[in-house]
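In what follows, a structure is listed as structure tokens, so that the remarks can point back to it.
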Amino acid sequence: MKVNLSRLNKKIYIDLKTVGVQAQCLGFRAYLVGGVVRDLLLNKTSSDWDIVVEGCAIKLAKTLANKNNSRLTVYEQFGTATLEFVNGIVMDFSTARSEHYPQPGSLPIVKSGLLENDLFRRDFTINALAVALNPQTWGRLQDFYGGYDDLKNRKIRVLHKQSFVDDPTRILRAARFAARFGFKVETKTLRLLKAAIIGQAPMTVKAPRYYAEFRKLFFEKNPGVCLRQLANWQGLGFIAPDFQPDWKSLARIAKGVLRLRKDPFFFAKDWSGVYFLAFWAQLDGQRIKQCAKTFHFTRLEILRLSGMVEIPRICNQLIIPRMSPSAVYEVLDPVDLEIIYFIRLTTSVSMIARRIDQFLKKSRLVDLQITGKDLKGLGFKPGRELGAVLHVVLLNKIDGKVETHQDEMVLAKSLHFLSVG
Ligand code: CTP
């Protein structure tokens, strides 16, 4: 079967042609592989351009870099290279390889091989598809393991019995892909997956590596569905045997996100930070500390989670009657944005939601026209006073009391007068 590559963006199409021609010149065979092929066949867009080479990936990438003046990064120890073409497209090159896992959950030992071997070491049949790039075979689908049929039948299937034991992060990937595409995990695969969970396979992977794959769930369009799926498989036990997130809050967030996505202002927002907070919100401070240490939360994640205790106080301040926009701004400006979104999506108080929207859509975007330089021109000395004056002018602008550059200058001058007087 031929895959229609001409439907790709023109820049990518040309780069892929170049890769195929160059591979041919060197006596190699190059293939587009992995998730990008799956997405292409599903008519979805993808941005990870992975090339597998029967031959030497580094040599191919180096030759392409020399001929096309593109930027090359070589990872000798892995036999891989990344090439950034002059048109900005980035491709990852690796030599076709086979691998085996010396122990369950460990990193694999690899050696070079054929495309067929390379595809066999992958997680699911739908991700084990390739498209030939050499001129004579251009566009030909390479499907050794029935991935195309599985795509059509919406099935997630492993390539061999040991798959989840070799790499238990695939349990998480199964949940992610099943939810993302609305696919079913095929019966035998599901049996293997559940057996791996019962056999504590996730514990054979270093906790931060397992969590790095888990974190990707929060970036999916509907993380709640992935998480539910995992929980049904008893797949959240790696956090703690008794761990359950607050499903109600996750469901409310999913519903709210669906609603907010219709609003052009929120359309492009990345909701992963909010889902992260919703997932972990159940834990008390002590357990959060433990999880942060075990799973290597980022500093920002820790900071955000610890900010959650402030939510009742923030909400109490936001229900004070007759607050000016600037008063709302003063409450919300110091708060982490993801926490604000979390409150927005979980509150049942419409006044809080309204005030948050006003802050996000209007007050937060107000900019002053005057600068510190203008104030120095008015005789302000650099330092705290100058900052404070700018802040007061900003609050007045948020309340609509000043508008133009001149208004701002007049107000700043009067404040100077007050402070001197
Ligand atoms: N892969 C695998 N086992 C893993 C991780 C990755 O076999 N544990 C293989 C799959 O063939 C996958 C490819 O490596 O398609 C690239 O990995 P990644 O970028 O993580 O997956 P994608 O399928 O591209 O997923 P996404 O669309 O979420 O980026």
Side-chain angles (χ1 to χ4, degrees), residues 12 31-53 57 75 78-80 82 90-101 104-110 113 115-131 141-148 150-151 155-183 185 189 192-193 196 201-202 204-206 208-223 225-226 229-230 235 238 270 272:
I12 295 156
Y31 303 91
L32 188 61
V33 294
V36 65
V37 178
R38 173 200 68 213
D39 291 345
L40 205 62
L41 292 167
L42 289 172
N43 272 326
K44 293 187 187 296
T45 49
S46 191
S47 53
D48 290 340
W49 303 98
D50 290 329
I51 309 289
V52 162
V53 182
Y75 306 95
F78 301 113
T80 62
T82 299
V90 178
M91 288 188 192
D92 289 320
F93 290 76
S94 60
T95 302
R97 58 193 196 233
S98 60
E99 65 188 19
H100 83 274
Y101 292 78
S106 68
L107 290 173
I109 293 177
V110 297
L115 176 71
E116 197 174 335
N117 309 128
D118 193 283
L119 296 177
F120 188 67
R121 71 187 175 85
R122 290 170 187 262
D123 50 0
F124 307 115
T125 58
I126 58 167
N127 289 339
L129 291 161
V131 178
L141 184 69
Q142 309 288 312
D143 179 11
F144 297 97
Y145 307 108
Y148 184 67
D150 283 338
L151 264 188
K155 288 269 153 67
I156 294 182
R157 185 194 309 270
V158 284
L159 283 95
H160 55 86
K161 281 204 310 213
Q162 279 298 100
S163 194
F164 291 116
V165 177
D166 284 346
D167 181 355
T169 65
R170 290 174 176 169
I171 296 165
L172 306 169
R173 293 174 65 84
R176 200 151 61 81
F177 294 127
R180 187 194 298 173
F181 301 124
F183 285 11
V185 179
T189 300
L192 295 167
L193 181 150
T204 63
V205 185
K206 292 219 166 75
R209 182 159 93 87
Y210 201 72
Y211 186 74
E213 188 64 49
F214 181 77
R215 185 186 270 121
K216 292 184 191 165
L217 297 186
F218 298 128
F219 290 84
E220 290 296 319
K221 200 157 178 197
N222 197 340
V225 178
C226 307
Q229 176 83 90
L230 256 188
F238 74 96
D270 161 16
S272 58

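Remember, it's 1-based here, ligands and their atoms both numbered in the order they're listed.
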**Prompt:** Angle class for the Tyr211/Phe214 ring planes (parallel below 30°, perpendicular above 60°, tilted otherwise)?
**Reply:** tilted
Less than 3.5 Å between some nitrogen or oxygen of [X] and one of ligand 1, yes or no?
X: Asp123; answer: yes
X: Asp167; answer: yes
X: Asn127; answer: yes

Identity and distance of the protein heavy atom lying nearest [atom]:
atom: atom 15 (O) of ligand 1; result: Gly35 N, 3.1 Å
atom: atom 14 (O) of ligand 1; result: Arg122 NH1, 3.6 Å
atom: atom 16 (C) of ligand 1; result: Asp50 OD2, 4.1 Å
atom: atom 18 (P) of ligand 1; result: Arg173 NH2, 3.8 Å

**Region of Phe177 engaging ligand 1 - heavy atom pairs below 4.0 Å** = side chain
**Prompt:** Under 4.0 Å from ligand 1, counting heavy atoms only, is it the side chain of Glu220, its backbone, both or neither?
**Reply:** neither
**Message:** Within the 4.0 Å heavy-atom shell around Arg180, which atoms of ligand 1 are there?
**Reply:** 26 (P), 27 (O), 28 (O)
**Asked** Which ligand 1 atoms, with their elements, are less than 4.0 angstrom from a heavy-atom of Arg176?
**Response** 28 (O)
**Complete:** Looking only at non-hydrogen atoms, the one of Ile171, Val33, Asp48 nearest atom 19 (O) of ligand 1 is Asp48
